[in-house]
Amino acid sequence: VVTYSSLIAGFCRAGLVDDALKMFKIMHELKCTPNAHTYTPIIQFYCSRGGIGMARRILDYMHDYGIVPDVVAYNVFVQALCQAQQFEQVETLLGESDEKGWMPDSVTYNTYINGLCKAGRVEDAFDQLEVMLGNGLHPTAVTLSILLNSLCSESQVVQVKCLLEKSVLLGWFIGTDGYNTVMSRLCESGQWVAALKLFADMVKKGVNPDTQTFNIVINSLCKGGKLGVAKCMVRSQGFIAD
RNA sequence: UGAAGUCAUUA
């Protein structure tokens, strides 16, 4: 199964569904039973091409044939629903999760929250965050990055600073990814001074900048013509340029 | 599972 699932994933990634589907035939001949890993890439392929109906049919098929779709399979589907802005469908799907035998995880909610944010429904996104927390799930680095990202595009630096402070009170740890998100929003509006301040902030708090952090800052310095400072940054301790 | 599939931020 692992061998064929890997092949199927590879074909799907390359856009070659037909070849992927041929693998199912071979598996059948070998009496090799597909599992959720086997089907998920196929579901994702159709989802990425707007084939939500097809994806749904595959999920139903799996269910009928006793290959219970797991949380990853559903997460792929949730993302497609979000991209199509079919949020009521997401609600329905989550509501039925119990009887369908799966439990939404942090990726499920991250996907949903991100979809709502991107659709401009930030209030709803925060409601879902509450639901997520109510289900005993902790916000991950990705959750925070999603929220910070939307707050940065919605409002101004001041409010983001508030969130950075509040995050400590809430016990949420904003790490490298969270800072990267905020800094890239700042840089995109040419606020490289604020970005550099934040850079200093994170170092002070013991959050280690990674290669992406440096790239974000260096990129904005270059765009702003601050080539000297940019060159300095490249020579920084612990930075591995890529 | 220490082998396969899903979410955000830079280029």
Side-chain angles (χ1 to χ4, degrees), chain A residues 1-14 17 20 23 27 32-48 55 58-59 62 67-83 90 93 102-118 125 128-129 132 137 139-153 160 174-189 192 195 198-199 202 207 209-223 230 233-234 239-242:
Chain A
V1 225
V2 176
T3 313
Y4 285 102
S5 299
S6 301
L7 283 170
I8 288 170
F11 281 128
C12 287
R13 219 174 296 131
V17 235
M23 293 298 121
M27 290 178 76
C32 190
T33 312
N35 59 23
H37 280 269
T38 323
Y39 281 100
T40 305
I42 305 280
I43 294 173
Q44 190 172 28
F45 174 86
Y46 286 112
C47 284
S48 69
I58 295 172
L59 288 168
M62 290 170 71
I67 305 160
V68 182
D70 63 3
V71 64
V72 176
Y74 281 108
N75 286 345
V76 169
F77 189 55
V78 166
Q79 191 185 27
L81 290 175
C82 285
Q83 279 163 355
V90 177
L93 204 69
W102 65 286
M103 283 265 288
D105 64 3
S106 53
V107 174
T108 318
Y109 284 103
N110 288 345
T111 305
Y112 188 14
I113 290 171
N114 185 44
L116 289 167
C117 286
K118 291 272 155 71
Q128 283 310 311
L129 177 64
M132 177 179 178
L137 295 168
T140 64
V142 174
T143 318
L144 296 173
S145 151
I146 290 166
L147 295 173
L148 288 169
N149 194 40
S150 84
L151 288 179
C152 286
S153 8
V160 177
I174 302 220
T176 310
D177 292 326
Y179 279 95
N180 286 354
T181 301
V182 177
M183 286 170 58
S184 62
R185 291 292 79 84
L186 288 173
C187 288
E188 147 187 297
S189 52
W192 55 269
L198 213 54
F199 184 88
M202 74 187 280
V207 178
D210 61 7
T211 298
Q212 186 175 333
T213 316
F214 281 95
N215 283 342
I216 290 165
V217 178
I218 290 168
N219 193 266
S220 94
L221 287 171
C222 288
K223 278 184 184 157
M233 295 278 311
V234 175
F239 169 51
I240 301 163
D242 64 2

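Just so it is clear: chains get the letters A, B, ... in the order the sequence lines come, proteins before strands, and each one is counted from 1. Treat the numbers as computed from the prediction; the structure is a model and nothing was measured.
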Atom-to-atom span, CD1 of A:Ile174 to C1' of B:U9 - whole angstrom: 13 Å

C1' gap between B:U9 and B:G5, integer Å: 23 Å

Footprint string (nucleotides 3-8 of chain B, 5' to 3'): B base within contact, S backbone only, - free, heavy atoms under 4.0 Å: BBBBBB

Identified side chain to side chain donor-acceptor pair (under 3.5 Å) counterpart of A:Asn75 within the set A:Thr40, A:Thr108, A:Thr111: A:Thr108

Between P of B:U10 and CD of A:Glu188, the distance in whole Å: 7 Å

Interatomic spacing from CD1 in A:Ile216 to CG in A:Asn180 - rounded to 0.5 Å: 4.5 Å

Min side-chain heavy-atom separation A:Asn219-A:Cys187 under 4.5 Å: no

Verdict with reasoning, A:Thr213 to A:Met202, per side-chain contact (heavy atoms from CB on, under 4.5 Å): CA-CA 11 Å; A:Thr213 316; A:Met202 74 187 280; 4.0 Å; yes

d(CG, A:Leu186; C1', B:U9) in whole Å: 12 Å

Validation row, ring centre A:Phe199 to ring centre A:Phe214 under 6.0 Å: yes

Interatomic distance, A:Leu144 CG vs B:U9 P [rounded to whole Å]: 14 Å

A:Ile218 side chain near A:Phe239 side chain, heavy-atom distance below 4.5 Å: yes

